[in-house]
Asker: 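What follows is a single structure, and I will ask about it in a moment.
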Amino acid sequence: FFVSILLVEQETNELVVRSEHPPGLGFPNRRLPPNTGVSGHVVQTGQPYVTDDLANDPHVHTLPEERILLQQVSGSITLPLQAQERVIGVIHLAFPKGVIATEVNLRLLIAIAEIAGGSLDRALVLENLEQRVAERTHALAEANKRLQELDHLKSKFVSDVSHELRTPITNLKLYLELMERGRSDRQSHYMTVLRQQTTPGRAFG
């Protein structure tokens, strides 16, 4: 028996092979356009599809490298994987020549597909949640990094402004002290300098 599970990719609606048995069939991550082949037909209708002549079935869509595998099987059962009334993928079972699908086999596989659909849906929800959490964590880390950069720029700005103000303020203090303690005949000069140097656009030299 050859088994493959294909899931619908939400962004493109393509069917993507997510698992296959036996391992090494050579089709991992194979992508099918929407509504292509037996699997696409099952996704579109939401109904199981059984064929006893897979090689000549009108819904079959094969790649050249699949033709050797197709010669080894006779028929197949393809079942929808459903969750909350929507088809999220299919499980495809191809059986070797000489094996015929029975009604009992079909009922058992339908039950398995129903359980698998719910389980896969929960797993996909968790996977998407983990991805969103990771994306949000990354976004918060980037925002925190940006805040740290802004904080550094703010500190540098304050430091630069303090440095630029330090010299003129020191000079102001000096002239104020001269006004208080300096020679009386120089008071007029000190006042003139203070007025000049406190005019916007002027700096102490």
Side-chain angles (χ1 to χ4, degrees), residues 1-140:
F1 291 89
F2 302 97
V3 182
S4 56
I5 295 176
L6 301 90
L7 299 181
V8 178
E9 189 177 72
Q10 297 299 317
E11 293 78 10
T12 63
N13 285 328
E14 292 178 313
L15 275 167
V16 182
V17 177
R18 298 290 292 266
S19 181
E20 57 185 13
H21 181 83
L25 288 179
F27 311 117
N29 299 318
R30 179 193 172 187
R31 308 176 76 88
L32 292 176
N35 306 324
T36 299
V38 173
S39 298
H41 174 74
V42 170
V43 170
Q44 188 176 28
T45 62
Q47 298 297 319
Y49 188 84
V50 181
T51 177
D52 292 325
D53 187 9
L54 191 61
N56 297 308
D57 192 280
H59 289 294
V60 170
H61 175 79
T62 59
L63 297 174
E65 59 267 26
E66 292 179 301
R67 289 171 186 163
I68 296 177
L69 178 63
L70 198 61
Q71 294 173 2
Q72 303 176 40
V73 299
S74 57
S76 70
I77 299 174
T78 307
L79 304 166
L81 295 169
Q82 294 181 306
Q84 302 175 0
E85 298 183 356
R86 61 188 178 87
V87 179
I88 63 171
V90 300
I91 180 169
H92 180 75
L93 173 69
F95 37 88
K97 292 182 177 180
V99 177
I100 299 175
T102 66
E103 187 66 27
V104 174
N105 295 144
L106 182 59
R107 287 200 301 269
L108 177 61
L109 289 171
I110 289 174
I112 292 173
E114 289 176 352
I115 296 172
S119 299
L120 284 169
D121 184 55
R122 287 189 292 273
L124 290 172
V125 168
L126 181 60
E127 181 181 358
N128 291 334
L129 179 60
E130 289 176 346
Q131 182 178 353
R132 289 198 298 270
V133 168
E135 290 172 352
R136 182 60 176 164
T137 300
H138 177 72
L140 289 173

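All figures in this text were calculated on a predicted structure; none of them were measured in a lab.
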Asker: How close do Leu6 and Ser4 get, counting heavy atoms only, and between which atoms?
Answerer: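 The answer is CD1-OG, 3.8 Å.
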Asker: Once rounded to the nearest 0.5 Å, what's the spacing between atom OG of Ser76 and atom CZ of Phe2?
Answerer: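 It is 12.5 Å, given to the nearest 0.5 Å.
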Asker: What residues, two or more places apart in sequence or in another chain, satisfy side-chain hydrogen bond (donor to acceptor under 3.5 Å, both in side chains) together with Ser39?
Answerer: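 Partners of Ser39 under the side-chain hydrogen bond (donor to acceptor under 3.5 Å, both in side chains) test: none.
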Asker: Quick one: list whatever passes side-chain hydrogen bond (donor to acceptor under 3.5 Å, both in side chains) with His41, sequence neighbours left out.
Answerer: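 side-chain hydrogen bond (donor to acceptor under 3.5 Å, both in side chains) list for His41, sorted by chain: empty.
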Asker: For Arg136, check side chain to side chain contact (heavy atoms under 4.5 Å, CB included) against everything at least two apart and list the hits.
Answerer: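 Testing Arg136 for side chain to side chain contact (heavy atoms under 4.5 Å, CB included), a comparison that skips the adjacent residues, returns Leu140.
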Asker: Taking side chain to side chain contact (heavy atoms under 4.5 Å, CB included) as the test, write out the residues that go with Ala113, two or more places apart.
Answerer: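 Counting only residues at least two positions away or on another chain, Ala113 forms a side chain to side chain contact (heavy atoms under 4.5 Å, CB included) with Leu79, Leu81, Ile91.
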Asker: Compare every heavy atom of Pro80 with every heavy atom of Gly46, then report the nearest pair and how far apart it is.
Answerer: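 Looking at all heavy atoms of both residues, the shortest contact is O-CG, 3.5 Å.
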Asker: Checking Glu9 now: which residues fulfil side chain to side chain contact (heavy atoms under 4.5 Å, CB included) with it, not counting sequence neighbours?
Answerer: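 Only Glu11, Thr12, Glu14, Val16, Arg31 meet the side chain to side chain contact (heavy atoms under 4.5 Å, CB included) criterion with Glu9.
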Asker: Once you round to the nearest 0.5 Å, how far does CG of Asn13 lie from CG of Leu32?
Answerer: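 If I round to the nearest 0.5 Å, the distance is 13.0 Å.
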Asker: With a 4.5 Å cut-off on side-chain heavy atoms, are Ile5 and Val17 touching?
Answerer: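 No, every pair of side-chain atoms sits at 4.5 Å or beyond.
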Asker: Please identify each residue that fulfils side-chain hydrogen bond (donor to acceptor under 3.5 Å, both in side chains) with Thr51, with sequence neighbours left out.
Answerer: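 Listed in chain order: Asp57.
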Asker: To check you understand the geometry: which heavy-atom pair defines the closest contact between Gln47 and Val42, and what is its length?
Answerer: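 In this case the closest contact between Gln47 and Val42 is O-CG1, 3.4 Å.
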Asker: Is there side-chain contact between Ile77 and Val50, with heavy atoms separated by less than 4.5 Å?
Answerer: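 Counting from C-beta outward, Ile77 and Val50 do come under 4.5 Å.
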Asker: Apply the test side-chain contact (heavy atoms from CB on, under 4.5 Å) to residues Val3 and Leu93: give CA-CA distance (whole Å), side-chain angles for both, the deciding distance (0.1 Å), then the verdict.
Answerer: CA-CA 5 Å; Val3 182; Leu93 173 69; 3.3 Å; yes
Asker: How long is the straight-line distance from CD1 of Ile110 back to CD1 of Ile115, given to the nearest 0.5 Å?
Answerer: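 CD1 of Ile110 is found 12.5 Å from CD1 of Ile115.
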